[in-house]
Amino acid sequence: MTPLALRDFEAEARRRLDPAIWDYYAGGADDEVTVRANTSAYARIGLVPRVLRGAFHRQLAVDVLGHRLSMPILAAPTAFHLLAHPDGEKGSARAVAAAGSLSIISMAATTAVEEITAAGRSANPDAAFWFQLYLQPDLAYSQAVIERAEAAGCSALVVTVDSPVYGNRERDRRNGFLDLPGLLVAENTREPLPTGEWGNPRSIGFTGDLSWDHLAWLRTATSLPVVLKGITHPEDARLAVENGVAAIVVSNHGGRQLDTVPATIDLLPAIAEAVDGRVPVVLDGGIRRGTDVLKALAFGATAVALGRPIIWGLAAGGEQGVGDVLSILRTELDRAMALCGCSSVLEVSRELVRPAPEESWSRL
Ligand SMILES: Cc1cc2nc3c(=O)[nH]c(=O)nc-3n(C[C@H](O)[C@H](O)[C@H](O)COP(=O)(O)O)c2cc1C
Ligand SMILES: O=C(O)C(=O)c1ccccc1
């Protein structure tokens, strides 16, 4: 059966993957309340379209940190693509680049960052990449990882701030997933050697005392724009802007870190208000339909990012599958815009959504 929707790729991925690997991708922290909330929240938000606006041609392109993207949809950083399909990170990077979008490369990628950016650029010479960093307690080593990403052509550093410790993923603990020996190598966590080569891989550590002081250190470590991923509180969004970050990603890590964080779409309006247009706001978590993208834009996001749907595309059909996922979502967004009377993503505004998430949230 030809997959028509992102959920069809999910079903196909589940059929194809080893159950423990499926659980790693699909699962989240504790009772997975947040995993479910991220997607189900969209059903509570109604779209109230405008009509007779003659939106015959739609403009989906957006500018994010100096990059023109063909659509307001990018790839969130996700670990271990080679577990999903032999095309791995190179396949997903090629598909995202060919779609005119941007990949955030995970520090926990199973392919070296240099190979990922080269693969993406072979599909589209103008493709942009950002590098996601888990700041390592060893700052000299963190610096080496950052310099490696810079040299590979990444144009921003996305620092994940929702992970001072690793979330409690009980599916993985039951399956013994993380104990599987030699399963994969996070290629970007190799030791820098004096020869300029990369030696043995280190395991990824987390910085338990991660604080705003580390952001000050990052400024000395890189001239790249710094993006904070994992902002959920409007006060932290305000502090992020005051501390000079270039953009924020509103994210609860797809429900994989702290459970019972509200759905990101419910958190977005207050954050967009706090940011007040000063920096781009990317939202991730639970985006499965074009109407989800439209709702995020209406509540103030500049763009959205996809985590699991990219993995589903990869598992179901390699590079081609990721391309299909992006093209389906683009077509859905375009159709939703037409039906809402929007000829440009800039016209997608709050008048189209009801009720505002915080209203429905406070009524729970
Ligand atoms: C399998 C998997 C691996 C992930 N790996 C990372 C990672 O290495 N770094 C990171 O910052 N976020 C990681 N995330 C979180 C995603 O970047 C993103 O926040 C989340 O998946 C968005 O939700 P969605 O899957 O519903 O789209 C991962 C998510 C998944 C599902
Ligand atoms: O699985 C994840 O969500 C994730 O962020 C991660 C962190 C460290 C290593 C591998 C994946």
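One-based numbering, in listed order, for ligands and for the atoms of each. Every value quoted in this text rests on a predicted model; they were computed, and no experiment measured them.
- Remark: Arg14 fails to qualify as a cation-pi partner of Tyr25 under the 6.0 Å distance and 45° angle criteria applied to the six-membered ring.
- The shortest N or O to N or O distance between Tyr134 and ligand 1 is under 3.5 Å.
- Counting non-hydrogen atoms of neighbouring residues, nucleotides and ligands closer than 6.0 angstrom, the CZ atom of Arg58 exceeds 12 such neighbours.
- Closest protein heavy atom to atom 25 (O) of ligand 1: Arg308 N, 2.9 Å.
- With a 4.0 Å heavy-atom cut-off, ligand 1 is reached by the side chain of Lys229 but not by its N, CA, C or O.
- Formation of a donor-acceptor pair under 3.5 Å by the Gln59 side chain with backbone atoms of Ala61 is found in this model.
- Among the atoms of Gly307, some N or O lies under 3.5 angstrom from an N or O of ligand 1.
- If you check which protein heavy atom lies closest to atom 5 (N) of ligand 1, you get Ala79 N, 3.2 Å.
- Close contacts of ligand 1 with Tyr24, meaning ligand atoms under 4.0 Å from a residue heavy atom, involve 1 (C), 3 (C).
- Remark: minimum distance from atom 19 (O) of ligand 1 to any protein heavy atom is reached at Asp284 OD2, 2.7 Å.
- Heavy atoms of other residues, nucleotides or ligands lying less than 6.0 angstrom from CZ of Arg335 number 12 at most.
- Look at Arg16 and Glu12 and you find a salt bridge, because one of the NZ, NE, NH1 or NH2 atoms lies within 4.0 Å of a carboxylate O, short of that distance.
- Judged purely by atom type and a 3.5 angstrom limit, Ser40 uses its side chain to pair as donor or acceptor with the backbone of Arg36.
- In summary, the atoms of ligand 1 found under 4.0 Å from a heavy atom of Ser106, numbered by their order in the structure, are 7 (C), 8 (O).
- The aromatic rings of Trp130 and His67 are tilted relative to each other, their planes meeting at an angle between 30° and 60°.
- In terms of polar-atom proximity, defined here as any N/O pair under 3.5 Å, Gln132 does make such a contact with ligand 1.
- Ligand 1 is approached by Arg288 to a heavy-atom distance shorter than 4.0 Å.
- No side-chain heavy atom of Arg308 sits less than 4.5 Å from a side-chain heavy atom of Phe9.
- An N or O contact shorter than 3.5 Å links Gly286 to ligand 1 by distance.
- Only the side chain of Thr160 comes within contact range of ligand 1, with a heavy atom under 4.0 Å; no backbone atom does.
- Interface atoms of ligand 1 facing Ser251, defined by a heavy-atom separation under 4.0 Å, are 19 (O).
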Stepwise side chain to side chain donor-acceptor pair (under 3.5 Å) test for Arg169 and Gln257: CA-CA 8 Å; Arg169 324 259 174 97; Gln257 285 297 107; 2.9 Å; yes
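- The closest protein non-hydrogen atom to atom 23 (O) of ligand 1 is Gly285 CA, 3.3 Å.
- Sorted by chain then number, the residues whose non-hydrogen atoms approach ligand 2 to under 4.0 Å are Tyr24, Ala79, Phe80, Ala108, Tyr134, Tyr166, Arg169, Ile204, Phe206, His253, Arg256.
- Given atom 6 (C) of ligand 1, the protein heavy atom at minimum distance is Pro77 O, 3.2 Å.
- In this structure a side-chain-to-backbone donor-acceptor pair under 3.5 Å is present from Glu89 to His81.
- At a heavy-atom distance under 4.0 Å, no atom of Phe80 approaches ligand 1.
- Among protein heavy atoms, atom 15 (C) of ligand 1 sits closest to His253 CD2, 3.5 Å.
- Side-chain N or O atoms of Ser251 include one that pairs as donor or acceptor with a backbone N or O of His253 at under 3.5 Å.
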